[in-house]
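As the structure lists them, so they are numbered: ligands from 1, and atoms in each ligand from 1. FYI, side chains are in, hydrogens and waters are out, and symmetry mates aren't considered; it's all heavy atoms of this structure. We number each residue from 1, following the sequence as shown.
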Amino acid sequence: MELIQTPAARQAADPRTDLVGMNLDEIVAVAASLGQPAYRGKQIYQWIYQHGLTDFADMTNLCTALRDRLTAEFRIGRPAINTALLSTDGTRKWLLGFGDHNEAEMVSIPEKTRGTLCVSSQVGCTLTCAFCHTGTQRLVRNLTAGEVVGQVMLARDEYGLWPASKGNIQLTNIVMMGMGEPLYNFDNVAKALHIVMDGDGLAMSRRKVTLSTSGVVPGIQRCSDELGVMLAISLHAVRDDLRDRLVPINRKYPLAELLEACRNYGAASNARRITFEYVMLKDVNDSVADAREMVRLLAGIPAKVNLIPFNPWPGTEFECSSGNAIARFADAVHEGGLVGTVRSPRGRDIFAACGQLKSDSVRPRRVAAAE
Ligand code: SAH
Ligand code: SF4
């Protein structure tokens with residue numbers, strides 16, 4: 001009988017060490033272990049992250065013996081594409097498979113003048129925000145640094161965007177807004193984003209990278225100190241009682257603490273303006289009084305408000321606010337002097353819009369100790 005292997009299964013069966021996810025120091029160490037000087041390690045690093053090579057044989061400035069040795073012991077991997085969907089509005093969604101058969105989703109949102117890639121940080125999510133489809137899936141595991149940076153590299157493969165320094169409009173921005181809470185997987189996400197922002201790596205400006213958090217307060221300071229990327233906060237409610245229900249992490253880090261952390265985020269300059277995401281839920285958080293309270297709460301923070309029409313999913317108790325309610329809310333936000341935009345839903349037909357991502361990966365039951 002012939003065994004049909006999926007690409008993800010083939011990867012799992014590959015015993016070679018994957019170099020994707022290693023930073024420069026680690027690749028220099030790999031080169032050293034093969035008796036090579038540091039500059040060789042840097043060349044390999046640049047071939048991988050700047051040029052997107054997946055085959056050591058193409059690394060023309062390395063001698064053939066070294067290329068062969070690298071091929072025997074190492075690989076340059078990518079997440080496998082298990083499903084690819086294209087929306088009528090041009091949004092693409094990929095269901096990605098990782099070596100252990102877990103899956104996560106990645107979305108690309110092309111616009112006229114820019115292209116945004118929405119990257120996942122975890123398979124599932126530990127948090128259970130009431131309006132989020134991902135939140136109905138338990139956390140299966142954190143993604144590794146290689147699996148996070150590998151998503152960006154795979155998107156470049158798909159669009160043919162190598163070398164990374166080449167100008168393009170298909171992939172100008174990265175948002176850590178896919179599945180999972182990135183600040184609960186900080187080390188791996190930070191390592192991946194350092195490679196994304198490294199001039200010898202994927203060479204993206206930190207101003208083009210946004211990390212979205214539901215409000216993990218201790219992680220916000222680390223994000224500022226260690227990454228300096230743009231920050232987005234999933235606010236969604238302006239009163240603790242409601243936010244406790246909608247974004248349960250609020251019970252641990254209530255609004256006052258969250259907004260204090262935002263005030264301290266980097267220098268309070270417009271360059272570091274924080275985006276506050278606010279999902280519009282009919283008759284739940286969409287009154288003009290809520291908008292005025294938002295203006296009061298955000299006073300003194302360089303803020304930009306992003307109103308997100310709720311994207312429904314099967315089984316949800318919520319409905320999206322009416323167009324009128326969203327317009328009234330946006331007007332009140334503007335009258336209060338805040339910059340605000342309404343996010344147009346993208347990719348709803350392929351279930352790729354904010355909060356609609358979910359994979360079928362489940363956490364295996366823990367095997368009883370006696371077994
Ligand atoms: N876990 C992180 C990042 C992923 S979610 C976070 O919560 O910030 C990306 C954004 O989509 C968040 O603001 C999230 O609250 C929002 N979102 C979740 N479910 C949604 C839905 N059904 N409709 C619209 N936006 C949603
Ligand atoms: Fe997790 Fe973010 Fe969804 Fe909340 S909104 S459940 S933090 S992915």
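Ligand 1 has a nitrogen or oxygen under 3.5 angstrom from a nitrogen or oxygen of Phe131. Ligand 1 has an N or O atom lying under 3.5 Å from an N or O atom of Asn311, backbone or side chain. Polar contact check, His133 against ligand 1: no nitrogen or oxygen pair lies under 3.5 Å apart. On a distance-only criterion, Gly178 and ligand 1 share no N/O pair closer than 3.5 Å.
Ligand 1 lies nowhere less than 4.0 angstrom from a heavy atom belonging to Met179. Ligand 1 lies out of reach of Cys118, whose nearest heavy atom is not under 4.0 Å from it. In this structure, Phe318 falls outside the shell of residues with a heavy atom less than 4.0 angstrom from ligand 1.
Of the charged side-chain nitrogens involved, none lies within less than 4.0 Å of a carboxylate oxygen, so that Arg239 and Glu293 do not count as a salt-bridged pair. Salt-bridge check for Glu147 with Arg78: failed, with every basic side-chain N at 4.0 Å or more from each acidic carboxylate O. Note on Arg343 versus Glu277: salt bridge recorded, some NZ/NE/NH1/NH2 to OD/OE distance being below 4.0 Å. Residues Lys191 and Glu26 are paired through a salt bridge, judged by an N-O separation under 4.0 Å between the basic side chain and the carboxylate. With respect to Arg251 and Asp240, no salt bridge is recorded, no charged nitrogen being found less than 4.0 Å from a carboxylate O.
Contact check for Cys262 versus Ile233: side-chain heavy atoms found under the 4.5 Å cut-off.
Taking a cut-off of under 4.0 Å to the non-hydrogen atoms of Ile308, the atoms of ligand 1 that pass are 24 (C), 25 (N). Within ligand 1, counting atoms from 1 as listed, the ones closer than 4.0 Å to a heavy atom of Val279 are 23 (N), 24 (C), 25 (N). Atoms of ligand 1 found under 4.0 Å from any heavy atom of Ser234 (numbered from 1 in listed order, with element): 6 (C), 7 (O), 8 (O), 12 (C), 13 (O), 14 (C), 15 (O). Those atoms of ligand 1 with a heavy atom of Ser214 less than 4.0 angstrom away are 6 (C), 7 (O), 8 (O). Below 4.0 Å from some heavy atom of Glu181 lie the following atoms of ligand 1, by number and element: 1 (N), 2 (C). Each of the atoms 1 (N), 2 (C), 3 (C), 4 (C) of ligand 1 lies under 4.0 Å from some heavy atom of Gly180. Shown in contact with Cys132 at under 4.0 Å from a heavy atom are these atoms of ligand 1, numbered in order with element: 18 (C), 19 (N). With ligand atoms numbered from 1 in the order given, ligand 1 contributes 22 (N) to contacts under 4.0 Å with heavy atoms of Trp313.
When only modelled atom types and interatomic distance are considered, Ser234 and Tyr278 share no side-chain donor-acceptor pair under 3.5 Å. Asp286 and Ser321 share a donor-acceptor pair across their side chains, judged by distance under 3.5 Å alone. Counted by atom type alone, Tyr45 and Asn23 present zero donor-acceptor pairs between their side chains at under 3.5 Å. Side-chain contact, Thr213 with Glu181: a donor N or O sits under 3.5 Å from an acceptor N or O. Looking at Asp89 and Thr91, their side chains do bring a donor and an acceptor atom within 3.5 Å of each other. Looking at Trp47 and Asp58, their side chains never bring a donor and an acceptor atom within 3.5 Å of each other. For Gln221 and Asn264, the side-chain atoms include no donor-acceptor pair closer than 3.5 Å. Side-chain contact check for Thr88 and Asp349: at least one donor-acceptor pair (N or O, by modelled atom type) lies under 3.5 Å.
The contact shell of ligand 2, taken as protein residues with any non-hydrogen atom closer than 4.0 angstrom, comprises Cys125, Leu127, Cys129, Cys132, Gly135, Gly180, Ser214.
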Check step by step if side chain to side chain donor-acceptor pair (under 3.5 Å) holds for Ser287 and Asp290. CA-CA 5 Å; Ser287 72; Asp290 285 318; 3.0 Å; yes
Test Asp55 against Arg75 for salt bridge (Lys or Arg N to Asp or Glu O under 4.0 Å), laying out the working first. CA-CA 8 Å; Asp55 191 343; Arg75 65 194 169 94; over 6 Å; no
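Considering only non-hydrogen protein atoms, atom 10 (C) of ligand 1 sits nearest to Glu277 OE2, 3.6 Å. Of the protein's non-hydrogen atoms, the one nearest atom 20 (C) of ligand 1 is Gly355 CA, 3.3 Å. For atom 11 (O) of ligand 1, the closest non-hydrogen atom of the protein is Cys354 CB, 3.6 Å.
Only the backbone of Thr213 comes within contact range of ligand 1, with a heavy atom under 4.0 Å; no side-chain atom does.
Remark: among candidates Gln122, Met177, His236, the nearest residue to atom 14 (C) of ligand 1 is His236, based on non-hydrogen atoms.
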